[in-house]
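What follows is a set of notes on a single structure, which appears directly below.
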Amino acid sequence: MAPVAPRTGDAVFANVERVNAELFTLTYGAIVRQLLTDLEEVEEVNKQLDQMGYNIGIRLIDEFLAKSNVTRCVDFKETAEVIAKVGFKMFLGVTASVTNWDADGTSCSLVLEDNPLVDFVELPDTCQGLYYCNILSGVIRGALEMVSMKTEVTWIRDMLRGDDAYELRVKLLKQVPEEYPYKDD
Ligand code: MYR
């Protein structure tokens, strides 16, 4: 019998990460399914997923800033790149492309070719109108609000609805200037 070769640390870690990712994906699916059962209306499920994401986003920003060492972005264009390349990588394990900027640089699209949230997912016809990944729009909205940016985040394309990619539109509505905490005398 061939001896059992010990797996290297890297191989074990990669396996643990894969299992964690699958567990995360399946858990998210179970949450969506439960919301569909409890709330019945797909519109209500969309709202609830967005709100859950927002609640996560307002907390997750601290972890993001602490772990990423990202400093203040010079403008919204840099912020969008940071979300797409650093934020998505950190929390979803994938990156997004930033495209379709509007003329004044306050609206852009984040396009995901690969979306781990939808592995194993197939939506039945009864779920028409569901934005399955709506938690993500809420996360981005919540996280940005904590760094003084009010945004509107909406889905433009969704592969679960037959589109060719996942595309989120992020629109900067208002940048609240941070207050200087001390009074000048
Ligand atoms: C700043 O200018 O203060 C830095 C702003 C960086 C904001 C980054 C927000 C990260 C959001 C992560 C979203 C992950 C979605 C899965």
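Any value given below was found using the heavy atoms of this structure, including those in side chains, with hydrogens, waters and symmetry copies removed. All values derive from a computational prediction rather than experimental measurement. Counting starts at 1 for both ligands and their atoms, following the listed order.
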### Summary
In ligand 1, the atoms that come under 4.0 Å of a heavy atom of V147 are 3 (O)

### Query
Can an N or O of C73 be found at a distance shorter than 3.5 Å from an N or O of ligand 1?
yes

#### Entry: Shortest reach to atom 16 (C) of ligand 1 by a heavy atom, considering only L92, L65, V86, I56
L92

### Message
If the threshold is 4.0 Å, N to carboxylate O, is there a salt bridge linking R141 and D50?
### Response
yes

#### Entry: Min N/O separation R72 to ligand 1 under 3.5 Å
yes

### Query
Do V111 and V86 belong to the same hydrophobic cluster, where Ile, Leu, Val, Met, Phe, Trp and Tyr are linked whenever their side-chain heavy atoms lie under 4.5 Å apart, directly or via other members?
no

### Task
Report the relative orientation of the aromatic rings in F91 and F64; use parallel for angles under 30°, tilted for 30 to 60°, perpendicular for over 60°.
tilted

### Query
For atom 7 (C) of ligand 1, which protein heavy atom lies nearest, and how many Å away is it?
L144 CD2, 4.0 Å

### Query
Considering only protein heavy atoms, which is closest to atom 8 (C) of ligand 1, and at what distance to one decimal place?
F64 CE2, 3.5 Å

### Task
Return the residue, atom name and 0.1 Å-rounded distance of the protein heavy atom closest to atom 13 (C) of ligand 1.
V139 CG1, 4.1 Å

### Query
Take atom CD in E78; do more than 12 heavy atoms of anything else shown fall under 6.0 Å from it?
yes

### Task
Please write down residue, atom name and distance for the protein heavy atom closest to atom 11 (C) of ligand 1.
A143 CB, 3.8 Å

### Message
How about NZ on K150, more than 12 heavy atoms from neighbouring residues, nucleotides or ligands closer than 6.0 Å, or not?
### Response
no

### Query
Does the pair Y131 and R161 meet the rule for a side chain to side chain donor-acceptor pair (under 3.5 Å), with working shown?
CA-CA 9 Å; Y131 284 107; R161 292 167 160 230; 3.2 Å; yes

